[in-house]
Each structure stands twice: as C-alpha cells, then as structure tokens.
Amino acid sequence: MNKTKTATLNATHATDMSLVSILGAAALGLVLLFAAGFAQASVMHDTAHDQRHAMAFPCH
Amino acid sequence: MFAGVAVGVIAAALQFWLVTPLLLEGELYETGARVHFSTDGSTQSEAGHPALFTEPMRDLMTVGFNMVAFTGFALFLAVGFALSERGGHMVTARKGLIWGMAGFIAVQLAPAIGLPPELPGTVAADVELRQIWWICTVLVTAVGLGLIAFGPTLAGVGGAVLIALPHLIGAPHLDTYFGVAAPELAAHFATASLGTSAATWVLLGLFTATLWVKFKDA
C-alpha cells in the first residue's frame, strides 16, 4: 500500500519536473532566437546581419 | 544545445559557400557601388561577387549567431520531442529528420511564401509589421503541422486551415517595387537561402533527435 503511494508521488513529482524543464527550455530558446533574430539595437543588428539575411528573418 | 552549436557551424559553412557571396554582391547595389538599370538605359550590369573572408570579425559573428539561432531552434525541437513523448509518440533519430523538415517548413518555407528572403538593398514594408506577420506565420504553421501530425483527422483539417490563414490575410507589402539589384541575383539569393536552411534544418532534426535518444534518461 505504502509502496504504491510512494511510487505515485514519485511519478507526479517527475511529471512536474519535466514540465518545468520543458517550459525552461522553451523560454531559453525564445531568448536566444529573439537575440539572434529580432533585437533591434544597432550593435546587435550589425553583428547578426549576415546570419539574419541568410535565414530570412525580417531584418530591416 | 550541442546539436544547435554543431549545426550552427555547418549552417555557417553552407552560408559562406552558397549565400554570403550573393549577399555581398547585393550590398554593392545597396550602397550604389553598382547600379542596375543605370542612367544610360542599359539593363546590364557586371556579375561577380567581392572576395570572401575579407572581414574576419563579421564572418566570426555570422558563425556565432548561427550557433545562437540554431541552438534556440534545437531547444524548441527538444520541447516538441518532450511534448510528443508525453503524448505517447516516441522520438527516434529517423523521426528527427521529419521534425527537421517540419521545422524548415514552419520557420523558413511558410513565411517565405509571403516574405521572400531579402537580398540587401531590397526596399520593403515596415520592418515591425513584417516581423509580426513572420512570427504569427511561423507559430500557426507549427501548430497546424502539429495538428496534422498528431491530431485526429478533423484537427488535421483545422491544421491545414491554420497553415493557409496567414497567406489569406497576406504579408505586408508596398504598393510599388523599388528593386535596385539585378532580379537574377535576388532570385538566386532567395533559392540559395531556402536550400541551405532546408539542409540545415534536416541536419538539426537528426542531430537533436540522436542526442535526445542518447541522453534523455541520463
């Protein structure tokens, strides 16, 4: 009985953790893509320029 | 992460080979160093691109930002893998190829239907409007493909409608053409850009899925 309960708890815990890491990965990906593709500061724009054109991000 | 960095290097190599020469040639028109349809009425202009690798910092930045962008895309692929496995669809390296193709369709091909990859010197509608249309198109295409791949038949129909939607609305465009560069060059740039990113995306899907299968339980 006790064993089953622990197993269930562990499973729930694991699910929550994986949801958190999924969200974390999505957020990190978003930050990276914003930096690479959309940040308008001119320094960012100049350094990322060729890559943006080649990847067809709307650039300027 | 590692997949993104590795693929970023490959992407940069492909870009230097196929895309950057056209980009540098386009800039000759952007800056007025070369003029197509020049004042004497001639529609001819010299072909050929400036030398590659004359600006090491610039090339380094291209490699760097390719790594950043493809690492971002790889993270999104990993998110997709995680969600699909929660839904009971196991990811294999071979399925990673399909994921990569879907990524190419969502992030490159679908937006390119409305907004072709731009050669430097292209004059186009307001950049913020285009960015909004671009992001919305990528999102609904990704969701639409997901519905087609994993949803019931009816959801697949909804997915197809979603994919068509941004093109029914239409991308922001100007009322007049401003092209200053040779049309052949712009066309070649667009196809080279799509071709290189197609190859890169498929590799990204393969690498990310291979690493995913290897390290998922670690």
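In what follows, every heavy atom counts, from backbone to side chain, and hydrogens, waters and symmetry copies are set aside. Just so we're on the same page: letters track the sequence lines, and every chain starts at 1.
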### Message
Report which part of A:L23 has an atom under 4.5 Å of a heavy atom belonging to chain B: side chain, backbone, both, or neither.
### Response
neither

### Query
Run the side-chain contact (heavy atoms from CB on, under 4.5 Å) check on A:R52 and B:F65 step by step: do they pass?
CA-CA 9 Å; A:R52 284 187 190 184; B:F65 273 97; over 6 Å; no

### Message
Main chain of B:E118, side chain of A:H53: is a donor-acceptor contact present, judged purely on distance under 3.5 Å?
### Response
yes

### Message
side-chain contact (heavy atoms from CB on, under 4.5 Å) for A:I22 and B:R86? Distances and angles first, verdict last.
### Response
CA-CA 11 Å; A:I22 288 171; B:R86 284 167 74 93; 3.8 Å; yes

### Query
To the nearest 0.5 Å, how far apart are OG1 in B:T62 and NE2 in A:H49?
9.5 Å

## Note on the structure
Closest non-hydrogen atoms of A:A26 and B:V79, given as atom of the first, atom of the second and distance, are N-CG2, 3.6 Å

#### Entry: Side chain, backbone, both or neither of B:A69 within contact of chain A (heavy atoms, under 4.5 Å)
both

### Summary
Rounding to 0.5 Å, atoms CZ (A:F57) and CG (B:L115) come to a distance of 13.0 Å

### Message
Counting C-beta onward and ignoring hydrogens, is there a side-chain heavy-atom pair between A:L32 and B:F73 closer than 4.5 Å?
### Response
no

### Gap between atom CD1 of B:I135 and atom CG of A:L33 - 0.5 Å precision
10.0 Å

